[in-house]
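I'd like to ask some things about the structure below.
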Number of protein chains: 2
Amino acid sequence: MRNRKLGFDYSSDHFEGCPVETTLDVIGGKWKGVLLYHLIDGKKRFNEFRRLYPKITQRMLTLQLRELERDGVIHREVYKQVPPKVEYSLTEFGKTLEPIILHMKEWGEKYKDRMVNIETTLKAED
Amino acid sequence: MRNRKLGFDYSSDHFEGCPVETTLDVIGGKWKGVLLYHLIDGKKRFNEFRRLYPKITQRMLTLQLRELERDGVIHREVYKQVPPKVEYSLTEFGKTLEPIILHMKEWGEKYKDRMVNIETTLKAED
DNA sequence: CGGAATCCATGACGATACTG
DNA sequence: CAGTATCGTCATGGATTCCG
């Protein structure tokens, strides 16, 4: 994912494999799923993401947004003004991912508690 | 998401965020999506995976399978015999992920070519 | 405000060798 | 067959500082 490179390691034979890999290369980045999820209900500015997800550093936010942009999944709109303003939004292509993201969200909601319990148990073993 | 870490970084506040993260923690590992995908059509033995996916090293295969097992997504059946035989299969819990995996597979099939083209273009810029 | 640049620590991952 | 152990490398990602 983890795991998982930051992204974009499409070495030639990387794609021999199953298509699941293609999809995970796009949405599997450490924060990409989350970013895409928040874009489903509309544009977001850089610092909006930081407020929504304080854990992600400025650097990683930039890197992950850039990769999503390169993959054509999101659009970056820069307003020429002072202070600067940048808005991120899903492209039409990016919107094809919405069903998957929402599906992952539902699964996460259902089984979040279970996963937390597993983690708690494992920590107790230390 | 590694990438992504190898997985399993359920630090306490990791779960504050959106449920999409929970799901990606389970299936987002570098090879997890692929392994789960191949388990959908039945049990697989250790060396079967290696044949299906020569790129993955023995070490990584072991690690990723162990994590999936710990997450309760797959079951590891050891047959006490010589030579040893181990079969991996989806648990009932793991099967709840099938729709998502299949959905990711469909998306990957549709847009694989597009993603490869992006990569090709980027390499040409070097 | 929305970054870019630099430095640095850790951990992901591969290669290789060995084993019950 | 199905792993484990050890080692080395390099990418991942955090912290900090600076900038238009």
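In what follows, every chain begins at residue 1, and chains take the letters A, B, ... in the order their sequences are listed.
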| request: Take atom CD of B/Q81 and atom C1' of C/dG20, then tell me their distance rounded to the nearest Å. | output: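 Spelled out: CD on B/Q81 to C1' on C/dG20 is 14 Å.
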
| query | With sugar-phosphate meaning primed atoms plus P, OP1 and OP2, does A/R50 contact a base, only sugar-phosphate, or nothing at under 4.0 Å between heavy atoms? | reply |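 It contacts nothing in the nucleic acid.
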
| message | Checking the side chain of B/T22 only, and the main-chain atoms of A/K112 only, is there a donor and an acceptor separated by less than 3.5 Å? | response |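 No.
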
| task | Identify which one of B/K43, B/H38, B/K44 satisfies the side chain to side chain donor-acceptor pair (under 3.5 Å) criterion when paired with B/D41. | result |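 The residue from B/K43, B/H38, B/K44 that satisfies side chain to side chain donor-acceptor pair (under 3.5 Å) with B/D41 turns out to be B/K44.
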
| field | Separation of atom OH in B/Y53 from atom P in C/dG14, rounded to whole Å | value |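 Answer to the nearest Å: 13 Å.
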
| query | In terms of the nearest nucleotide of DNA chain C, which residue is placed more toward the 5' end: A/E87 or B/Q58? | reply |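 Residue closer to the 5' terminus by nearest nucleotide: A/E87.
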
| Would you say B/E77 and B/Y88 make side-chain contact, with heavy atoms under 4.5 Å? |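 Sidechains of B/Y88 and B/E77: no contact.
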
| message | If you only use heavy atoms from C-beta on, which nucleotide in D/dT4, C/dC1, C/dG3 is closest to the side chain of A/N47? | response |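 The listed nucleotide nearest to A/N47's side chain is C/dC1.
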
| task | Kindly say if B/Y88 contacts the phosphate of D/dC1, meaning a side-chain N or O under 4.0 Å from OP1 or OP2. | result |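 Checking D/dC1 against B/Y88, no side-chain N or O comes under 4.0 Å of OP1 or OP2.
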
| request: Return the value, rounded to whole Å, for the distance between atom CZ of B/R76 and atom C1' of D/dA2. | output: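 Result: 8 Å.
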
| request: Would you indicate, yes or no, if D/dG14 has its OP1 or OP2 atom less than 4.0 angstrom from a side-chain nitrogen or oxygen of A/K30? | output: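 Yes, within the criterion.
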
| task | Can you tell me the distance, in whole Å, between the CG atom of A/L65 and the C1' atom of D/dG13? | result |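 Answer to the nearest Å: 15 Å.
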
| Out of D/dG14, C/dG3, C/dG14, whichever nucleotide has its closest atom nearest the side chain of A/W31 |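 Of all the options, the side chain of A/W31 is nearest to D/dG14.
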
| query | Between B/K95 and B/E92, does a salt bridge (Lys or Arg N to Asp or Glu O under 4.0 Å) hold up when you go through it step by step? | reply | CA-CA 5 Å; B/K95 288 181 182 174; B/E92 288 308 309; 3.5 Å; yes

| request: Indicate whether OP1 or OP2 belonging to C/dG2 is found under 4.0 Å from a side-chain N or O atom of A/R59. | output: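 For C/dG2, neither OP1 nor OP2 has a side-chain N or O of A/R59 closer than 4.0 Å.
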
| Expressed in angstrom and rounded to an integer, what is the separation of A/F46 atom CZ from C/dC1 atom P? |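 These atoms are roughly 12 Å apart.
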
| Which whole-number value in Å describes the distance from B/L63 CG to D/dT4 C1'? |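 Atom-to-atom, B/L63 to D/dT4, this comes out as 10 Å.
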
| task | Mind calculating the distance between NZ (A/K43) and C1' (C/dG2) to the nearest angstrom? | result |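 These atoms are roughly 17 Å apart.
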
| Contact check, side chains of A/L65 and A/F46, non-hydrogen atoms, under 4.5 Å |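 SC-SC contact between A/L65 and A/F46 confirmed.
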
| said: If you assign A/P84 and A/T57 each to the DNA chain D nucleotide with the nearest heavy atom, which residue ends up on the more 5' nucleotide? | reply: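 Result: A/T57.
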
| query | Just how far, in rounded Å, is P of C/dG2 from CD1 of A/I56? | reply |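 Atom-to-atom, A/I56 to C/dG2, this comes out as 15 Å.
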
